[in-house]
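Step one of this worksheet: look at the structure below.
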Amino acid sequence: MTPIQKELPIGVFDSGIGGLSVLSVLTQEFPEEDFIYVGDSANNPVGNRPIEEIERIATTIAEFLVAQPVKLLVIACNTFSVVALDKLSKRFDVPIVGMSQGIHDALRIKVKQKRKGPLGIMATVATINSHKHMDAVHSLKPHVKVLEQCCKDLAACIEEGHLDDDLLRSCAKEYVQPLVEANVEVAILGCTHYPLVESVLRELTDDRICFVDPAWETSDAVGAILYSEDLEQSTGRIGSIQVCVTSHADRVTPIVQDIFKDTSLEAKLITL
Ligand code: DGL
């Protein structure tokens, strides 16, 4: 295998706009890196699909990005990560980072801020059914109670562009209400779409819940690979961001411009 070149971009992907919440953290943490992002919006949502389908969709996106080529792949999607990370890591030579679970940050906040109640996990059907977050919590802290909250339609609602409206509020309310009733005071946003609407989730819960975005832990894992494999760019220039989607580029462009505060960015329509 030829050595991976540090000048190559980092590939980041999700089933839609959710992974932009991760890309936003990565561009802040690694400003000199170039990024190419793929949101497979044509296949969104993936979280309610059978495992084989989720795996197939993730593999197709990864193949596209590896062919660019990229020096590192970040799976900016919890669902793809719980279902396909192991298979993709075996299949491709480039290093692959899946979504961290945010558990270390969540447990630290719980202890430091003396926040009570069970630890909440909000995620898609496939992620919740894997119980990987809960198992990871229990392997570290067997006595911490966990409340898994499956948010079946939330990612699709966000993907359709409902980022701050009545439809989002009524959809999200159904999922955060049980957390409030169970006295949850720390909850992990276990789907990358949810941090995009964190302010609405906080409003719906009267700021009683501290929502943890696992993108920060994921970014630490990316940094660890860049530095240990000598792959980080240090050119002194600000890197580029290229956002590609498989549908609804017009809808995604203003969201991208708003997140990255850059009106020159445009989502490009691609076919995988
Ligand atoms: N953003 C994805 C995640 O983190 C899921 C969205 C979907 O269901 O497609 O799980």
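First listed ligand is number 1; within each ligand, the first listed atom is number 1.
Under 4.0 Å from ligand 1, the heavy atoms of Asp14 that appear belong solely to its side chain. Contacts between Ala155 and ligand 1 below 4.0 angstrom, taking non-hydrogen atoms only, involve the side chain exclusively. Contacts between Pro45 and ligand 1, counted as non-hydrogen atom pairs separated by less than 4.0 Å, involve both the backbone and the side chain.
With respect to atom 1 (N) of ligand 1, the closest heavy atom belonging to the protein is His193 ND1, 2.8 Å. The protein heavy-atom contact nearest to atom 6 (C) of ligand 1 is Ser15 OG, 3.4 Å.
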Let's go through Lys6 and Glu32 carefully: what are the C-alpha distance in whole Å and the side-chain angles of both, what is the deciding distance for salt bridge (charged side-chain N to carboxylate O under 4.0 Å, His left out) to 0.1 Å, and is it a yes or a no?
CA-CA 11 Å; Lys6 60 167 76 178; Glu32 290 169 61; over 6 Å; no
Output, in order, the C-alpha distance, side-chain angles, deciding distance and verdict of salt bridge (charged side-chain N to carboxylate O under 4.0 Å, His left out) for Lys132 and Asp135.
CA-CA 5 Å; Lys132 284 198 176 171; Asp135 292 348; over 6 Å; no
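With no hydrogens or angles considered, no side-chain donor-acceptor pair links Ser15 and Asn43 at under 3.5 Å. In summary, the side chains of His131 and Glu148 do present a donor paired with an acceptor at a separation below 3.5 Å, with no hydrogens or angles considered. For the residue pair Ser247 / Ser41, a side-chain donor-acceptor distance below 3.5 Å is found, with atom types taken as modelled.
Polar contact with ligand 1: absent for Cys191 (N/O pair, distance under 3.5 Å). For Gly47, a nitrogen or oxygen atom sits less than 3.5 Å from a nitrogen or oxygen atom of ligand 1, counting backbone and side chain alike. On a distance-only criterion, Thr192 and ligand 1 share at least one N/O pair closer than 3.5 Å.
For ligand 1, the atoms lying closer than 4.0 Å to a non-hydrogen atom of Val46 are 7 (C), 8 (O), 9 (O). Within ligand 1, the atoms closer than 4.0 Å to a non-hydrogen atom of Thr124 are 5 (C), 8 (O), 10 (O), numbered from 1 in the order shown.
Of the options Thr79, Asp40, Thr127, the smallest heavy-atom separation from atom 10 (O) of ligand 1 is shown by Thr79.
Separating the CD atom in Glu7 from the CG atom in Asp34 is a distance of 10.0 Å, to the nearest 0.5 Å. Once rounded to the nearest 0.5 Å, the distance linking CG of Leu85 with CD of Glu55 reads 11.0 Å.
In this structure, Phe80 has its ring center under 6.0 Å from that of Phe13.
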